[in-house]
Amino acid sequence: MIETTGLTKSFNRGKSTVEAVRGIDLSVAEGELVALLGPNGAGKSTTLRMLTTLLPPTSGSARIAGHSIETDRDAVRRSLGYVGQGNGGGHNQRVRDELITQGLCYGMPKQQAASRADELLSALDLTDLEKRTVGTLSGGQRRRLDIAIGLVHRPPLLFLDEPSTGMDPQSRANLWDHILRLRKEMGTTIVLTTHYLDEADSMAERVVVIDKGTIIADDTADALKAELAGDLVTLSLSASSSSGAAEALTAEALAAVVQGVDGVRDITTSGHRLNIRVARGDRALPELLRRSESRGFSIEAADLSRPTLDDVFLGLTGRSLRENATV
Ligand SMILES: Nc1ncnc2c1ncn2[C@@H]1O[C@H](COP(=O)(O)OP(=O)(O)O)[C@@H](O)[C@H]1O
Ligand SMILES: [Mg+2]
């Protein structure tokens, strides 16, 4: 559905040049749901605007549903729906009329445009609002209308730029229900951008992490976390074993507990606490507990925490995505 090679975009700003996108190679298959995750300024919107033919690339190429974004712009545009970042503003048209107008723009006869509008109103739970004017909708309702508008011409591919930014958690969850349903019912391929880590984590099967105009990771959220961050196991040990045969709780003794355990990446100790980064915490924990006990340490507390995508981003860039994110 999408195939890009070395896509780049530079903007001239006065005397300086901003390299917004620096060589993106991305391939998205039919039916995928892909989240482009990255901090503000990473180049997400610029990438979408090139893929939707709104912006010519500086170099590189891309095909959408087999059509070149440079030489076949009309075919590309017919293949996709695009909901840009922060559409909106007041609007006096009624919700249903707005959708019908869009259909007419795509050359549908009036009757067909009206039935398509009704279909989409129902698919996005907007039927009750059909007579409201667009300007009176809440943020979440407006976003659902934007998505409906993007789908009027039944595109196989839908781009959503920061669809949930600025929404309260409940509206975000509701929007996601709709996005997931669309995908299931219409088989639409969906590429969306977000800087919400939790959202990319829980909703998309595939997360493409973008930083400074390049893709720095591309996989399922689970795989990214397992490969790049690892689980964190924290053990609090005490030297007072019931058998009385405990070693002193030196850093060396603690390190010896961990030595040889599979998949360990990093160990830090603080007092009687051991923090262990390990590929699979669920597998390592029982062995760590056994080893601690066999050395005569008793276990006061054991904790296993899964990494977040922020740990992944931190591991890749040395920066936290949270610090960069402005909502
Ligand atoms: N029209 C433009 N003119 C100049 N610079 C731009 C323009 N659009 C985007 N940029 C710059 O390109 C970089 C990437 O922007 P953008 O693609 O909007 O990032 P994101 O969507 O990931 O937040 C930023 O540094 C931004 O300031
Ligand atoms: Mg953007």
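Indexing begins at 1, ligand by ligand and atom by atom, following the structure's order.
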Intermediate values then yes/no, side-chain hydrogen bond (donor to acceptor under 3.5 Å, both in side chains), S238 and S298 | CA-CA 5 Å; S238 96; S298 61; 3.0 Å; yes

Just distances here: any N/O of R49 and N/O of ligand 1 closer than 3.5 Å?
-> no

What protein heavy atom sits nearest atom 19 (O) of ligand 1, and how far off is it?
-> G43 N, 3.2 Å

SB check R280 D231 (cutoff 4.0 Å) | no

Is any N or O atom of A20, backbone or side chain, closer than 3.5 Å to an N or O atom of ligand 1?
-> no

Please write down residue, atom name and distance for the protein heavy atom closest to atom 16 (P) of ligand 1.
-> T46 OG1, 3.6 Å

Would you say G213 contacts ligand 1, with heavy atoms under 4.0 Å as the rule?
-> no

Could you please compute the angle at the Mg ion (ligand 2) from OG of S45 to OE1 of Q85, rounded to 10°?
-> 80°

Among V209, D201, D311, find the one that has a side-chain contact (heavy atoms from CB on, under 4.5 Å) with L224.
-> V209

Looking at L51, T53, T71, which one forms a side-chain contact (heavy atoms from CB on, under 4.5 Å) with V76?
-> T53

Please determine if R142 and D146 form a salt bridge, counting it only when a charged side-chain N lies under 4.0 Å from a carboxylate O.
-> yes

If you compare G41, G38, S45 by their heavy atoms, the one closest to atom 21 (O) of ligand 1 turns out to be S45

Ion pair check, R172 and D198, cut-off under 4.0 Å | yes

Nearest non-hydrogen atom to atom 25 (O) of ligand 1 belongs to which of L48, N40, I210, V18?
-> V18

Which of the ligand 1 atoms, numbered from 1, are nearer than 4.0 Å to a heavy atom of A42 | 19 (O), 20 (P), 22 (O)

What part of R13, side chain, backbone, both or neither, has a heavy atom within less than 4.0 angstrom of ligand 1?
-> side chain

Would you mind listing which atoms of ligand 1 come within a distance below 4.0 Å of any non-hydrogen atom of P39?
-> 22 (O)

Would you mind reporting whether S202 and W176 have side-chain heavy atoms less than 4.5 Å apart?
-> no

If you have a sec, work out which protein heavy atom is nearest atom 9 (C) of ligand 1 and how many Å separate them, to one decimal?
-> F11 CE1, 3.5 Å

Close side-chain approach of R78 and Y106, heavy atoms under 4.5 Å = no

Any N or O of Q85 that comes nearer than 3.5 Å to an N or O of ligand 1?
-> no

Should the pair R290-E293 be classified as a salt bridge under the 4.0 Å nitrogen-to-oxygen rule?
-> no

